[in-house]
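We name chains A, B, ... by the order of the sequence lines, and we start the count at 1 in each one. Everything numeric here is computed off the predicted structure, so don't read it as measured data.
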Amino acid sequence: MGFSLGEYQDIFLEEADEQLQELNQNLLELERNPHATDIINNIFRAAHSLKSSAAFVGLNGLSELAHKMENLLQGIRDKTLTTTPEIIEVLFKCFDVISNIISTVSAGEEPTQDLRGIIAEIERVSAAPKGGAIFEKAIEKKSGIAEKTVLQPSIEFTPEERNAIKKGLEGGVSCCELSINLDKSALMKSLKLRLILNNLEHIAEIVKTIPSQDEIESGIESENIRIILLTDHSLDEIKKACDVDQVVRIDSREISLVRKDGKVMLKFHAPQTIAEEVTQAAPSSHATADVPDVGEEQANEIHDEEDEEQEKSSEDRVKVERKASVLKTVKVSVDKLDQLLNNVGELVIANSGFYKLYEELRKHTLEKSLINEFKNRMEQMSRIAKDLQSGIMKTRMVPIGGVFSRFHRLVRDLNKEFGKKVQLKILGEETELDKKVIDAIGEPLMHLIRNAVDHGIEDASERKRLGKSEIATITLNAYQGGNQIFVEVSDDGRGLDLEEIKKTALQNNLATPEMIANMDKEDIYNFIFRPGFSTKKEVTDISGRGVGMNVVKEIVSELNGSVQIETEPGMGTRFVMVFPLTLAIIPAIMVRISREIYAVPLSDVIETIKISADEIQTIEGHEVINLRGEILSLLRLNRFFKIKSSLTPDQKIPVVVVGFGNRKIGLVVDDLEGKQEIVIKSLEQNYRTVEGLAGASILGDGSICLILDISSMMNKVLTDQNVILDRDEEDYFDYEKEYGEVEQRTLVGVTAEAKAPERVAEIKTSVMPEVPSKEVGVTKEEFETREYRYPVDEKEISLKSRVEPIELEDDFKIISEEIESEGITPSYAQEEIQREAKESEEEIERKVKEALHKFKEELRQNIEDTIIKEKPAARIIQELKITDDDLDRVRVLANVGITNAAENLSKILGRRVDLSIPDVRFIRIDKIPETIGAIDNVYIGVYVPFSGKVNGTILFSFNEENGFDLIDTLWGLQTGKTRELTEDGESALKELGNIVG
Amino acid sequence: MEIQELLRRLHRDENSIASSTISSSSPNELEKESSVEIIQLVTFVIDDVEYGVDILSVHEILRLPEITRLPNVPKFIRGVINLRGNVIPVVDIRERFGISKARFTELTRIIVVEIGEKLVGLLVDNVHQVVRIPEKDIDPPSDLIEGVSEDFIKGIGKLKDRLIVILNLGYLLFSDEER
């Protein structure tokens, strides 16, 4: 036959897929409407096409199965069988087996499915016809030969014709029936048919034609002609003779003589297509043997007047119609389209360069008419480019209907499984989506539908009780809005249970109660997209594992889309997936770092803000800001990309807030350069993927900008903390250094990293080389807790302040307090608030060294004395102009606060508690143990963070025994009972801390 | 000079082997002669060493365009350039071979080569010339070339008194971990 399975496999699979879909759809329809002949015809047609294409690629088993299906359907069509649920079930089973085989083939394996069982089943149901009477009658009429009955329209042979055939066949020439189809749109059909007949007459004897030669002569317009001819020429030659312009398909059936029961019969073999769409190679003449003849052969008694043949022409005709419509389409690989779209995208972008040029020209040229002409041409070109772009974009678009209709079957199966009554309503089938989205959207839709049936839809009885219609509806809808496509899955079920989600989120430790209290509904609903999240107690094979929704989210995100949830308790839930109209061109926010331009896909951007350096706080080395009450982590993009930032410390800092998953992060950049449409180019094509980059794009001026891949960036940041914590900017790429073109003094912001032994809120500050430390001093309005680094003699001392939440009226105060709590056994409670200086590690010093060189020199002179004298406290006091009076005032105020606290405590405990602060002083953090007591003693400490006008941390420390006694007191236990620090004890102490704080 | 002397000697040895083969298998002689392949190389010079790239893998040669730095990649990847809408990486040959940096000059060029399916730019100080060299005059790499890892060298071509280091392009683009 001259084909290789490999060559046609793809085409076959694609076709088979279409046919399966059609089959599936019609089967569902048939179930609802068992007597609709057109549906049966449709199924028949799908089975038939499947049969021939399977035979074509040599899948004989599949072909046979399809053939059996065809027989069964034929019975229904001829009313010898009636559609029973049993038959439909068998047909569904066939469908499953076929799709099984197809998927085996597409997986590249040889299908080994045993088809005998299913074929036997088909035979069983066809053997028990309900309309037996008709069937028997048919048998009688056809001398018991016909397994199958007549198809319209048959060829009626006159005795003369019959004898002519017989004579011819006996004389050694072959006889065949040709069915030739012309393009539907062909003009002058009769002329073409006459031409064919003319050609054939040279090589064959034409016995009969339908329509008849006379009719053709008289100009009848028919797309199909059937010719019975006797010839000794090969099929190839016949094909050539028929090969006239606009012939779309030629089928041929060999007719031979068979002797049966002493009678000579005409046997019609299975039809074979010898030419299709003209370009297809003609199969060789022995191909007939490849096609199973089972039931296909139809014998005719030659001497008997009442002969009947099996006729396929009606199907063929329908097929021709389908083929004709296929003829108008061209299959193009998506890659080619991508390439084309890429080029066009560039054209559009390049074109936008003309506008700039035009503006320039307008300024400089006086020749108005020339300028106007230029403008006209330019606009025309840009219009064409845009048309071209949208045109090519459209070629990538595929209607979503094909995907939607697949789910009828899923809903049907789910209905059976769950005993629910759900109907699927489909809207917006003609909405077109990018092919890439279409290919990927099936899975999320499936999960959403499963979820809807399993979780969303109530039982029929419950629905009845609620006054809803017993049959629930799941609606699939797709529509376009602006530059986006919306795909919805909605149900009219019970809606999402907010409380249940909260509960599960808490159980799975996805959030703390406080977090949940602060979340709006939408954020809470979004928990269902977390992996492993399921409110179901039981895991079924349909749902409950918490995988599905996560898959939905992931796939949609991959396609640059998002999912929104709308739900109303008792009314239903709607999931809206939003996709960009096209994936090749995306809008992006352009940002600058030093001299590099990066693009942040707009789909990832939540907002852009500008902050001042003051607003940045540091928690455990991570920079954060308070964005409308929400803590937002910052990532300095220059650190991620290892490039020196050109931000100056006094400048407002632009931050792009991006979302990834359910989280947000702020990207600190040097500048925002506006929004732009960009074409994505892959870096893999010529290099490899680069972490944090989605690709590159070429801007209007031909330069390249890199596109950020937020999710891969975040993965890297999360897995490798060094990316952001590594502050070693020495190695960073520096344009000034690299190219040295710009002679400009750079102000380098240096970040000091605190290595405090405690968890203290640290605030980073930028130090400008020119500014002496004093002037970077603290004002209380600014930041209450602040850390400085004073590099001296190759060493740096970081200072940390921790302050009581007492109202400070003038300068920054640093206090150290001791609290004696009386009435609580012989207790010795100590509250310490100290500011201490600490020597930092060498590595930090190295980073800052260069940038702060001058600064150091200056500082050395300023503070050397105090350091040498080892009196940092005095120095600090001097530096910050804190007088003894100030300290005293702090002590008074602190005592007021602590007395209040003691009073409260007394009330709560029902015992008298006295607290006082006898002394306020500075203690270096490393000197704390010294101050408190022997270093070997065990201490229990409680940190109390406080905020307000002054931020800081209070450390209560007790020696072990006192601590335990305190716990006992607080819990009202007998003194001496607690000897271990339990959770209860801990929380009691924390409470104490809270009260005091 | 010593090296060249060595190579010349090596060359002679090889020739004598070749001639002995020819004499022993005369029927194939003609065929052998005609099958001596001439390789064309595009050469460039860095610090007095001449390097060559097989002309069949050279796509084109560019004057220095604007290079966009690519972050978080090995240092020898200088960045990417726009080659008529294609984004292609540029390997800094000096950096790759661990040779000290040089300033860009008027002569600085990018040789765009095809490595497998990929287009890659090689940043070089200059493009010297195109030479033709018989395949038999190419020796396997030896450790005679200072500073350049053997991995990068496909062979050493001898052309009269010149030595040309022929580059193994496959090893240029990716660092060891990535391969």
Side-chain angles (χ1 to χ4, degrees), chain A residues 339 342-347 349-350 593-599 637-644 679-693 695-709 712-713 716-717 720 723 731-735 737-741, chain B residues 57-60 62-92 94-96 100-105 108 110-123 169-179:
Chain A
Q339 182 64 43
N342 238 330
N343 294 345
V344 172
E346 241 150 65
L347 180 65
I349 288 165
I593 309 161
S594 188
R595 295 186 204 170
E596 297 180 354
I597 303 283
Y598 290 90
L637 218 51
N638 71 302
R639 271 183 205 145
F640 188 86
F641 288 132
K642 310 235 171 2
I643 177 173
K644 284 218 162 83
V679 182
I680 303 177
K681 307 240 170 198
S682 83
L683 286 171
E684 299 97 281
Q685 196 192 331
N686 286 310
Y687 184 43
R688 60 168 169 90
T689 44
V690 178
E691 244 170 348
L693 297 181
S697 180
I698 291 168
L699 304 179
D701 60 358
S703 67
I704 295 177
C705 89
L706 301 171
I707 305 165
L708 302 188
D709 180 348
S712 103
M713 272 175 72
K716 181 154 186 189
V717 170
D720 183 8
V723 174
D731 297 341
Y732 283 10
F733 191 85
D734 184 351
Y735 275 91
K737 214 167 82 191
E738 205 72 20
Y739 296 106
E741 286 150 23
Chain B
S57 42
V58 174
H59 197 263
E60 61 190 296
L62 308 170
R63 282 172 180 277
L64 188 68
E66 189 190 335
I67 302 178
T68 304
R69 191 186 72 100
L70 209 52
N72 299 343
V73 293
K75 245 189 150 176
F76 62 82
I77 301 290
R78 189 75 189 213
V80 285
I81 56 168
N82 169 13
L83 181 73
R84 292 184 296 280
N86 265 322
V87 177
I88 71 168
V90 174
V91 174
D92 186 337
R94 278 181 171 267
E95 185 78 51
R96 188 64 172 129
S100 63
K101 278 193 172 181
R103 286 202 157 262
F104 292 153
T105 66
T108 305
I110 287 179
I111 303 176
V112 180
V113 294
E114 286 165 36
I115 302 179
E117 299 272 286
K118 298 177 192 297
L119 284 179
V120 179
L122 309 179
L123 181 69
L169 296 176
Y171 280 86
L172 283 177
L173 188 56
F174 294 110
S175 59
D176 295 334
E177 317 80 85
E178 288 170 329
R179 272 202 298 271

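Annotation: the span from A:Lys642 atom NZ to B:Arg69 atom CZ amounts to 9.5 Å, rounded to 0.5 Å. For the atom pair A:Phe641 CZ and B:Leu70 CG, the distance stands at 9.0 Å (nearest 0.5 Å). Put simply, CD1 on B:Ile81 and OG on A:Ser703 are 13.0 Å apart, with the number rounded to the nearest 0.5 Å. Once rounded to the nearest 0.5 Å, the distance linking CG of B:Asn82 with SG of A:Cys705 reads 11.5 Å.
A distance-only check finds no donor-acceptor pair linking the side chain of B:Asn72 to the backbone of A:Val690 [under 3.5 Å].
A:Gln685 touches chain B through backbone and side chain together, each having a heavy atom under 4.5 Å away. When heavy atoms are compared at a cutoff of 4.5 Å, B:Ile77 approaches chain A solely by way of its side chain, counted from C-beta outward. When heavy atoms are compared at a cutoff of 4.5 Å, A:Leu693 approaches chain B solely by way of its side chain, counted from C-beta outward. Using a 4.5 Å cut-off between heavy atoms, B:Val120 contacts chain A through its side chain alone, with no backbone atom that close.
Heavy atoms only, all atoms of each residue included: A:Glu684 and B:Lys118 are closest at O-NZ, 3.0 Å.
Heavy-atom pairs under 4.5 Å with chain B were tallied for A:Ile704, A:Ile698, A:Leu683; the largest tally goes to A:Ile704.
In this structure, the side chains of A:Asn686 and B:Leu83 stay at 4.5 Å or more apart for every pair of heavy atoms.
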